[in-house]
**Q** 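Supplied in structure tokens, the structure appears directly below.
Here the structure is a predicted model, which is why all the values come from computation and not from measurement. Side chains are part of it too, since the values below use all heavy atoms of this structure and drop only hydrogens, waters and symmetry mates.
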Amino acid sequence: MIVSPSLLSADFGNLARDLEMINQSKAQMLHLDVMDGVFVPNISFGFPVIKYVQQLCKKPLDVHLMIVEPQKFVNEVRDCGAEIMNVHFEVCNHLDRVVQQIHDAGMKAGVTINPATPVCLLRDIVAQLDLVLLMSVNPGFGGQKFIPNTLNKVRELRALIAETGSKAVIEVDGGVNDVTGKQLAEAGADVLVAGNYVFKAQDPLKAIETLYNL
């Protein structure tokens, strides 16, 4: 299982320490949630923090933009060193164009859908994607309870990917722990984003390894 710890749950007073932990762990990516207080009811961090993280983190950056008009910031995300730029289906009126912009900038393109957004709406775009992120909580805050219907959406998305010949991997974010992670792995998920389960654990390295071995 690919593990992508969520920076949002890190201790920002000891960020260098937490990033070094990630470097020493079996995590294969680092997930960064950028929130604007408009699309989601919270504000997180911006490009200066991402640039700082990129200087210290040896793992690829998976930048998830929970913002309106993400197409305006493709070059800025690239210049921060992101490998993956992830945008929300719900805010992109011209999603095909945004995906092309991300690819043209040299990044992998991800698209996220919220819990109430049907998987079938991705049918015409999924073959162009490198990653699809299913939110298993309503975006905006960490520490929420996992929404069980996400398991059905993972299965549905896995079938859609197979049907369309897409090479997209399936990522899930929200309420991920050893129990829900195992369920998601069995349903067909490829990448698990985990915040509190990792950074609030007594042994974060062990928590990451537990998910890695699912």
**Q** Is there a path of hydrophobic side-chain contacts, each under 4.5 Å between heavy atoms of I/L/V/M/F/W/Y residues, joining Val40 to Phe47?
**A**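 They do share one cluster, since a chain of ILVMFWY contacts under 4.5 Å joins Phe47 to Val40.
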**Q** Please check if atom CG in Asn213 has more than 12 non-hydrogen atoms from other residues, nucleotides or ligands closer than 6.0 Å.
**A**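 Counting neighbours around CG of Asn213, more than 12 heavy atoms of other residues, nucleotides or ligands fall under 6.0 Å, so yes.
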**Q** Would you call Asp104 and Arg78 a salt bridge, using N to O less than 4.0 angstrom?
**A**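 No, Asp104 and Arg78 are not salt-bridged.
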**Q** Mind listing the closest non-hydrogen atom pair of Asp36 and Ile67 along with its distance?
**A** OD2-CA, 3.1 Å
**Q** Do you reckon Leu32 sits in the same ILVMFWY cluster as Val169, going by side-chain contacts under 4.5 Å, direct or chained?
**A** yes
**Q** Is there a side-chain contact between Glu171 and His31 in this structure, where contact means two heavy atoms from C-beta onward sitting under 4.5 Å apart?
**A** yes
**Q** Quick one: are Val87 and Ile102 in side-chain contact, heavy atoms under 4.5 Å?
**A** yes
**Q** Mind checking whether Glu83 and Met107 have side chains closer than 4.5 Å, heavy atoms only?
**A**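 Counting from C-beta outward, Glu83 and Met107 never come under 4.5 Å.
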**Q** Is there a donor-acceptor contact under 3.5 Å linking the side chains of Glu90 and Thr117?
**A**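 Yes - a donor-acceptor pair under 3.5 Å links their side chains.
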**Q** Decide whether Leu30 and Leu15 are clustered together by the hydrophobic rule: side chain heavy atoms of Ile, Leu, Val, Met, Phe, Trp, Tyr closer than 4.5 Å, transitively.
**A**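 Same cluster.
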**Q** Can you confirm whether Asn23 sits close enough to Cys57 that some side-chain heavy atom of one is under 4.5 Å from a side-chain heavy atom of the other?
**A** yes
**Q** Quick one: CZ on Arg123 to OG on Ser166, what's the gap to the nearest 0.5 Å?
**A** 12.0 Å
**Q** Output yes when Lys72 and Glu69 qualify as a salt bridge under the 4.0 Å nitrogen-oxygen rule, no when they do not.
**A** yes
**Q** Run Thr210 and Asp178 through side-chain hydrogen bond (donor to acceptor under 3.5 Å, both in side chains) and show every step you take.
**A** CA-CA 7 Å; Thr210 297; Asp178 55 337; over 6 Å; no
**Q** How about Asn138 and Gln144: does a side-chain donor come under 3.5 Å of a side-chain acceptor?
**A** no
**Q** Could you tell me if Thr112 and Asn86 have a donor-acceptor pair between their side chains, going purely by distance under 3.5 Å?
**A**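 Side-chain D/A pair, Asn86 to Thr112: present.
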**Q** Going by atom types alone, do Asp33 and Ser44 pair a side-chain donor with an acceptor below 3.5 Å?
**A**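 Ser44 and Asp33 do not have a side-chain donor-acceptor pair below 3.5 Å.
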**Q** Flag the pair Val193 / Val172 as yes when at least one side-chain heavy-atom distance between them is below 4.5 Å, and no otherwise.
**A** no
**Q** Under 3.5 Å, is there a donor-acceptor pair linking the side chains of Asp62 and His64?
**A** no
**Q** Which distance, rounded to the nearest 0.5 Å, do you find between the CD of Gln100 and the CG of Leu95?
**A**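 One finds 10.5 Å between CD of Gln100 and CG of Leu95.
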**Q** Are the side chains of Cys120 and Leu160 in contact, using a 4.5 Å heavy-atom criterion?
**A** no
**Q** Between Asp130 and Lys167, does at least one N-O distance fall below 4.0 Å, as a salt bridge requires?
**A**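 Salt bridge between Asp130 and Lys167, a charged N being under 4.0 Å from a carboxylate O: no.
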**Q** How many angstroms lie between atom OG of Ser4 and atom CD of Gln28, to the nearest 0.5 angstrom?
**A** 8.5 Å
**Q** Among the clusters formed by ILVMFWY side chains lying less than 4.5 Å apart, do Leu134 and Ile147 turn up in the same one?
**A**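 No, no single cluster joins them.
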**Q** Can you tell me how far CG of Asn114 sits from CG of Leu133, rounded to the nearest 0.5 angstrom?
**A**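 One finds 9.0 Å between CG of Leu133 and CG of Asn114.
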**Q** Is there a donor-acceptor contact under 3.5 Å linking the side chains of Asn177 and Thr180?
**A**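 Side chains of Asn177 and Thr180: pair found under 3.5 Å.
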**Q** Quick one: OG on Ser6 to CZ on Phe199, what's the gap to the nearest 0.5 Å?
**A**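 Atom-to-atom, Ser6:OG and Phe199:CZ are 7.5 Å apart.
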**Q** Hey, are the side chains of Met35 and Pro41 touching, using non-hydrogen atoms and a 4.5 Å cut-off?
**A**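 With C-beta onward as the side chain, the pair stays apart.
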**Q** Hey, are Asn152 and Glu156 close enough side-chain-wise for a donor-acceptor pair under 3.5 Å?
**A**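 The answer is no; no qualifying pair exists.
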**Q** I'd like to know whether CZ of Phe45 has more than 12 heavy-atom contacts from other residues, nucleotides or ligands below 6.0 angstrom.
**A** yes
**Q** Return the CZ to CD distance between Arg155 and Glu186, rounded to the nearest 0.5 Å.
**A**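 Taking CZ in Arg155 and CD in Glu186, the distance rounds to 9.0 Å.
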**Q** Find out if a path of hydrophobic residues (ILVMFWY) with successive side-chain heavy-atom gaps under 4.5 Å connects Val176 to Val191.
**A**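 As far as the 4.5 Å side-chain criterion goes, Val191 and Val176 are connected within one cluster.
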**Q** For Lys108, does the NZ atom have more than 12 heavy-atom neighbours from other residues, nucleotides or ligands under 6.0 Å away?
**A**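 Counting neighbours around NZ of Lys108, 12 or fewer heavy atoms of other residues, nucleotides or ligands fall under 6.0 Å, so no.
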